[in-house]
Amino acid sequence: MLHTHKSSVASGSRPYHLVKHSRRDRLRVLAQVQHYDVAVVGAGPAGLSAAAALRVATKGQKSVHVFEKTAMTARGAAILVGVNGLKALQAIDPQLLDGLLAKATKLEGSDRYNMITGEHIEFMAMRNDMFQEKYGFHNALLGWSDITGALKAALPQGSISTGCPVTAYKQQEDGTIQLLGPAASSSSGASDTEVVATCNILIGADGWFSPIRQQVLQDGPPTFKDVVVFRARIPKPDFMPEQRTKWWVPPTGPNSADSLAVFIPLPGGDMVWQCHCPVAVMREKGLQYDPVIGEASSSHASNQQSSSSSSSAKERCLKAFESFPAVFREVVEATPEAAITEHGLYQRTPEQIPDGCWGAGNVTLVGDAAHAAYVDGTGLALSVEDAAVLGWHIQQQGLTAAALRAYEAERIPRVKAVFGLTAKQAAAMKAGVPQRQLLDERAELLYGQAHFKPLQPVAAVAP
């Protein structure tokens, strides 16, 4: 029995369900499945920037469609987009970059406070002028939805199907790829898959727990960093400055063994609060977190940690950070429950980045699916780098497996260098190396060594 969906390209909505039995019917239904030159699985910044880059690289002459399992609701996240990400976006679409920079906040710096006493420790200024002079840009602070919204607007209407999960793919004898998603239970009660669409090139941009990666590499999930994150986007309180972040950190500075919290102002009058709590600290407070069950149920889409937890994300956050200053706890208490997200923190270690390639045939990966990074903006910037490099190689060699392997060959050494430096600096920070020195070293690798070839321009997207 074959279950399939008939695609609706104009609306971008999830196709309706058909169940057919005979061979003649199966062939007829397959003929109704929409075919694309490129299918991108995942509509986060990685998938959307890849789709935008491929549209430019192919001069808008190839069909590029994005499949997203969620409804793409707004997330409570703020991203400090690094210079390398801005350089990559400029190579993809200078007008898109200009639009984002017009919305971005230019941070003056960060105020740091003692997480126990609340006393001010120091102000760390952003070196915007130095970055601008040396690298051509300074970092830009944006909300998650600002970034994804701009990338969505760069694509033609109907380019994204939401609520449409892709859980596997199947290579066909004719060279095309079937995208498979979960189907309704069959009459026998057994779970099955259905053909969602077909494509020539498949881009896995489906995040930390990418099913596409697992089918290609079969290398298991990323490493759970034993840290739980709570965050939300809310209207900015009156006391919050527009161009400074506020951090609550241990008296000796941030480290992996202690909790921390931050307020981040966003353009347009909102603010994101975010806090990280080590699992060991949560356990001391009687809180549990299952890195498998918890992420499966929340996965950045729900505010409930797990079905086995009777407490809400808000209650758990207040318990985990009960010793933090009142100014932080009062903001959490005033946040609507539905706005709070709780999830684990996951990363790929340098050893988990493949040496040769992270794709096979006409399938490749971008973003967190390829290289889950620390949640400090590095991952997003590397994702946009992926898109720029992928677009360039496809522009040079067409929609071919050779172009995908050339993209991977260029990206893997770069990603390994960045991840290797991150691991090295974590050890150096524990050894007491001054943070400013570490930041200079990191900036030189991330920004100074980031160079991308511009893609050819494409006509403006029709409204």
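Values in this document were obtained by computation on a predicted structure and should not be read as measured data.
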Given Asp440 and Arg127, is the salt bridge (Lys or Arg N to Asp or Glu O under 4.0 Å) satisfied, shown in steps? CA-CA 10 Å; Asp440 288 342; Arg127 292 174 295 170; 2.5 Å; yes

Hey, mind stepping through Met271 and Ile264 against side chain to side chain contact (heavy atoms under 4.5 Å, CB included) and telling me if it holds? CA-CA 6 Å; Met271 179 189 86; Ile264 308 171; 5.6 Å; no

Start with the C-alpha distance between Arg233 and Thr341, add both sets of side-chain angles, then the distance that settles side chain to side chain donor-acceptor pair (under 3.5 Å), and finish with yes or no. CA-CA 10 Å; Arg233 179 169 178 163; Thr341 297; over 6 Å; no

Would Gln274 and His276 satisfy side chain to side chain donor-acceptor pair (under 3.5 Å), going step by step from the backbone distance to the final call? CA-CA 7 Å; Gln274 181 169 313; His276 296 196; 2.9 Å; yes

Quick one, Asn84 with Glu385, criterion side chain to side chain donor-acceptor pair (under 3.5 Å). Give me CA distance, side-chain angles, the key distance, then yes/no. CA-CA 7 Å; Asn84 53 321; Glu385 286 190 19; 2.8 Å; yes

Could you walk me through whether Asn139 and Tyr447 pass the side chain to side chain contact (heavy atoms under 4.5 Å, CB included) test, one step at a time? CA-CA 10 Å; Asn139 296 328; Tyr447 309 156; 3.2 Å; yes

Steps toward side chain to side chain contact (heavy atoms under 4.5 Å, CB included) verdict (Phe419, Leu382): CA-CA 11 Å; Phe419 279 40; Leu382 289 177; 3.9 Å; yes

Between Cys275 and Ser259, is a side chain to side chain contact (heavy atoms under 4.5 Å, CB included) present by the stated rule, with each step listed? CA-CA 7 Å; Cys275 49; Ser259 302; over 6 Å; no

Would Glu322 and Lys285 count as a salt bridge (Lys or Arg N to Asp or Glu O under 4.0 Å) if you check the C-alpha gap in whole Å, the side-chain angles of each, and the deciding distance to 0.1 Å? CA-CA 9 Å; Glu322 61 186 354; Lys285 297 179 179 293; 3.4 Å; yes

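Of the possible donor and acceptor atoms, none in the side chain of Arg348 sits under 3.5 Å from a partner among the backbone N and O of Ala372. Under a 3.5 Å cut-off, the side chain of Thr223 and the backbone N or O of Lys225 do not form any donor-acceptor pair. Looking at Thr335, its side chain does come within 3.5 Å of a backbone N or O of Val331 through a donor-acceptor pair. Between the side chain of Ser210 and the backbone N or O of Ile212 there is at least one donor-acceptor pair closer than 3.5 Å. Judged by distance alone, with hydrogens and angles left aside, the side-chain atoms of Asn128 form no donor-acceptor pair with the main-chain N or O of Glu108 at under 3.5 Å. Not one N or O on the side chain of Glu133 forms a donor-acceptor pair closer than 3.5 Å with the backbone of Met130. Formation of a donor-acceptor pair under 3.5 Å by the Tyr289 side chain with backbone atoms of Gly344 is found in this model. Looking at Ser159, its side chain never comes within 3.5 Å of a backbone N or O of Leu155 through a donor-acceptor pair. Although no hydrogens or angles enter the test, the distance criterion places no donor-acceptor pair under 3.5 Å between the side chain of Asp146 and the main chain of Lys103. A donor-acceptor contact shorter than 3.5 Å links the side chain of Lys314 to the backbone of Glu333.
Using a 4.5 Å cut-off on side-chain heavy atoms (C-beta onward), Val166 and Asp206 make no contact. Looking at Asp270 and Lys236, their side chains never come closer than 4.5 Å, going by heavy atoms from C-beta outward. Looking only at side-chain heavy atoms (C-beta outward), Leu89 and Leu96 come within less than 4.5 Å of each other. The closest side-chain heavy-atom distance from Val384 to Lys87 is not below 4.5 Å. Looking only at side-chain heavy atoms (C-beta outward), Pro165 and Phe67 stay at 4.5 Å or farther from each other. Inter-residue side-chain proximity for Thr245 and Pro265 is flagged as met; some heavy-atom pair is nearer than 4.5 Å. Side-chain contact between Pro454 and Gln90: absent, with no pair of heavy atoms (C-beta onward) separated by less than 4.5 Å. Between Leu180 and Val196 there is no side-chain heavy-atom pair separated by less than 4.5 Å.
Take Phe137 and apply the ring pair (Phe, Tyr, Trp, His ring centres under 6.0 Å) test, not counting sequence neighbours, and it matches no residue. By the ring pair (Phe, Tyr, Trp, His ring centres under 6.0 Å) test, Phe321 is found to be paired with Phe324, Phe328, residues two or more places apart in sequence or in another chain being considered. Listed by chain and number, the residues in a ring pair (Phe, Tyr, Trp, His ring centres under 6.0 Å) with Tyr113 are His120, Trp248 (sequence neighbours excluded).
The CG atom of Leu380 sits 5.5 Å away from atom CD1 of Ile79, with the distance rounded to the nearest 0.5 Å. The distance from the CD1 atom of Ile203 to the CG atom of Leu54 is 6.0 Å, given to the nearest 0.5 Å. Atom CD1 of residue Ile340 and atom OG of residue Ser312 lie 7.0 Å apart, to the nearest 0.5 angstrom. If you take CH2 on Trp247 and CD on Glu122, they are separated by 12.5 Å, rounding to the nearest 0.5 Å. For the atom pair CG (Leu318) and CD (Glu330), the distance works out to 11.0 Å, reported to the nearest 0.5 Å. If you take CG on Leu266 and CE on Met240, they are separated by 9.5 Å, rounding to the nearest 0.5 Å.
Smallest separation of non-hydrogen atoms from Ala71 and Thr162: CA-CB, 4.4 Å. Scanning both residues, Ala104 and Ala140, for their nearest heavy atoms gives CB-CB, 3.6 Å. The heavy-atom pair separating Arg442 from Leu421 by the smallest distance is CA-CD2, 3.7 Å. When all heavy atoms are compared, the tightest approach of Ala77 to Arg231 is CB-NH1, 3.9 Å. Taking both residues in full, the closest heavy atoms of Ile116 and Asn114 are given as N-OD1, 2.7 Å, listed atom of the first, atom of the second, then distance. Across all their heavy atoms, Arg316 and Leu287 have their closest contact at O-CD1, 3.5 Å.
Between His343 and Trp208, the distance from one ring center to the other falls under 6.0 angstrom. Checked against the 6.0 Å centroid threshold, His65 and Tyr36 count as a close aromatic pair.
Using a 4.0 Å cut-off between charged nitrogen and carboxylate oxygen, Glu441 and Lys424 count as a salt-bridge pair. Here Glu408 does not pair with Arg411 in a salt bridge; the nearest charged N to carboxylate O distance is not below 4.0 Å. Checked for salt-bridge contact, Lys416 and Asp355 meet the test: a charged N lies under 4.0 Å from a carboxylate O. Ion pairing between a basic and an acidic side chain is recognised when a charged N comes within 4.0 Å of a carboxylate O; Glu242 and Lys106 show no such pairing. Note on Asp386 versus Arg414: no salt bridge recorded, every NZ/NE/NH1/NH2 to OD/OE distance being 4.0 Å or above.
Using cut-offs of 30° and 60° for the angle between ring planes, the Phe263 and Phe239 rings count as tilted.
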